[in-house]
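In what follows, a structure is listed as structure tokens, so that the remarks can point back to it.
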Amino acid sequence: MSAHVIVLPGGGYVQHAEHEAEPVAEWLGGLGLAASVFRYPLNARHPVPLNALRSEIARLRAEGAGTIGLMGFSAGGHLAGLAALAPDRDERTSVQFAVLGYAITSMETETYRPSQLVLLGEDASPELRRATSLDALVTPSAPPFFLWHTAEDPYVLPEHTYRLATALAAHDVPHTTHVYPHGPHSLGLARGAGEAATWTRSAADWIAERTGAA
């Protein structure tokens, strides 16, 4: 049974950021990992993007992928986290690890409200916002997470990563968290971005531990 990583680009649930798509999959391929980009539905209300991603996970599993990981950025990171954490009785759609870059994790804060409006609507109830906030979905059975962010991110504040990391720690879920001092939002592979550029090396080692990749 092989390993496969699904790449989920960001874009606020209204577009797909191309530099967080194929370039990331190509980088993963260079590590010896099977990887593909999944362009989830845009301008769609929850749970449409989540259900689409679950269908893609089930398809890959039916084709022989045993270990499936998700790598998501910004809004794509939020969707990756939902797929990894939201209750689901179907083992075919389980994932074994998730890598989240500057991800939106909370729908309960006012941070980057445009994504909330697209995914949940203007009149989203407190219950719906809670049910789509990753920190509220963590249980002891959650898969391992690798989280990274920059302290200077003006669009998705690092609070989002801290909230999820705190929940993972509270439930003894294995996780790694890197918050780099400098860098804007939407760095992607972060080549030439100083210390933040080291996230790829750290993530490569972390993924290798979970997939057995050399």
Side-chain angles (χ1 to χ4, degrees), residues 2-10 17-38 65-85 95-106 134-135 138 142-214:
S2 62
H4 193 106
V5 181
I6 302 173
V7 177
L8 303 166
E18 293 305 318
H19 70 289
E20 296 166 353
E22 275 74 19
V24 177
E26 291 169 6
W27 165 69
L28 289 165
L31 301 176
L33 293 163
S36 59
V37 175
F38 182 64
T67 298
I68 294 179
L70 304 175
M71 180 172 287
F73 301 85
S74 194
H78 178 257
L79 181 57
L82 279 181
L85 296 170
V95 299
Q96 282 60 61
F97 64 88
V99 177
L100 275 53
Y102 41 88
I104 298 166
T105 69
S106 177
L134 306 187
D135 56 300
V138 176
F145 275 77
F146 180 103
L147 310 175
W148 75 276
H149 218 120
T150 62
E152 295 178 339
D153 191 329
Y155 293 107
V156 179
L157 300 183
E159 171 196 358
H160 282 258
T161 284
Y162 292 133
R163 286 171 73 113
L164 178 54
T166 298
L168 293 168
H171 290 85
D172 295 320
V173 177
H175 64 285
T176 295
T177 305
H178 296 270
V179 178
Y180 303 102
H182 304 297
H185 188 66
S186 195
L187 279 171
L189 292 172
R191 290 171 176 150
E195 187 180 350
T198 66
W199 86 264
T200 52
R201 183 168 68 246
S202 298
D205 292 341
W206 186 88
I207 293 171
E209 291 180 4
R210 271 134 203 95
T211 63

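Just the heavy atoms: all of them, side chains too, but no hydrogens, waters or symmetry mates, feed the values below. Residue numbers run from 1 in the order of the sequence given. These numbers were taken from a predicted model, which means no experiment stands behind them.
- Here the CG atom belonging to D153 is positioned 8.0 Å from the CG atom belonging to L187, to the nearest 0.5 angstrom.
- Between H160 and Y102, the gap from one ring centroid to the other reaches at least 6.0 Å.
- Listed by first and then second residue, the salt bridge (Lys or Arg N to Asp or Glu O under 4.0 Å) pairs that reach into residues 161-183 are E108-R163, D135-R163, E159-R163, sequence neighbours excluded.
- Side-chain contact between S186 and E20 is present, with heavy atoms from C-beta onward closer than 4.5 Å.
- At distances below 3.5 Å, not a single donor-acceptor pair connects side-chain atoms of W199 with backbone N or O atoms of L147.
- The CZ atom of F146 sits 9.0 Å away from atom CG of D205, with the distance rounded to the nearest 0.5 Å.
- Taking all atoms of both residues into account, the shortest heavy-atom contact from A196 to A190 is O-CB, 3.9 Å.
- Taking all atoms of both residues into account, the shortest heavy-atom contact from E152 to G183 is OE1-N, 3.0 Å.
- For the pair W148 and S202, the minimum side-chain heavy-atom distance is 4.5 Å or more.
- Rounded to the nearest 0.5 angstrom, L28 CG and I6 CD1 are separated by 11.5 Å.
- For the pair T211 and L33, the minimum side-chain heavy-atom distance is below 4.5 Å.
- Counting all heavy atoms, side chain and backbone alike, L189 lies closest to T200 at O-CG2, 3.7 Å.
- Within the 4.5 Å cutoff, side-chain heavy atoms of V179 are placed close to those of Y162.
- The side-chain heavy atoms of T67 and F97, taken from C-beta on, include a pair separated by under 4.5 Å.
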Show the atom names and distances, to 0.1 Å, of all donor-acceptor pairs under 3.5 Å that link a side chain in residues 70-83 to residues at least two apart or in another chain.
from : atom 1 : to   : atom 2 : distance (Å)
S74  : OG     : H185 : NE2    : 3.0
H78  : ND1    : Y13  : OH     : 2.8
H78  : NE2    : T132 : O      : 2.7

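- Side-chain contact between L164 and L100 is present, with heavy atoms from C-beta onward closer than 4.5 Å.
- Side-chain contact check for V99 versus V5: every heavy-atom pair is 4.5 Å or farther apart.
- We find the CZ-CG distance between F38 and L8 to be 8.0 Å, quoted to the nearest 0.5 Å.
- How far OG1 of T105 is from CZ of F145: 10.0 Å, rounded to the nearest 0.5 Å.
- Nearest heavy atoms, P143 versus A84: CD-O, 3.5 Å.
- Proximity of a side-chain donor or acceptor of T198 to a complementary backbone N or O of E195 within less than 3.5 Å is detected.
- Residues passing the salt bridge (charged side-chain N to carboxylate O under 4.0 Å, His left out) test with E26, sequence neighbours excluded: none.
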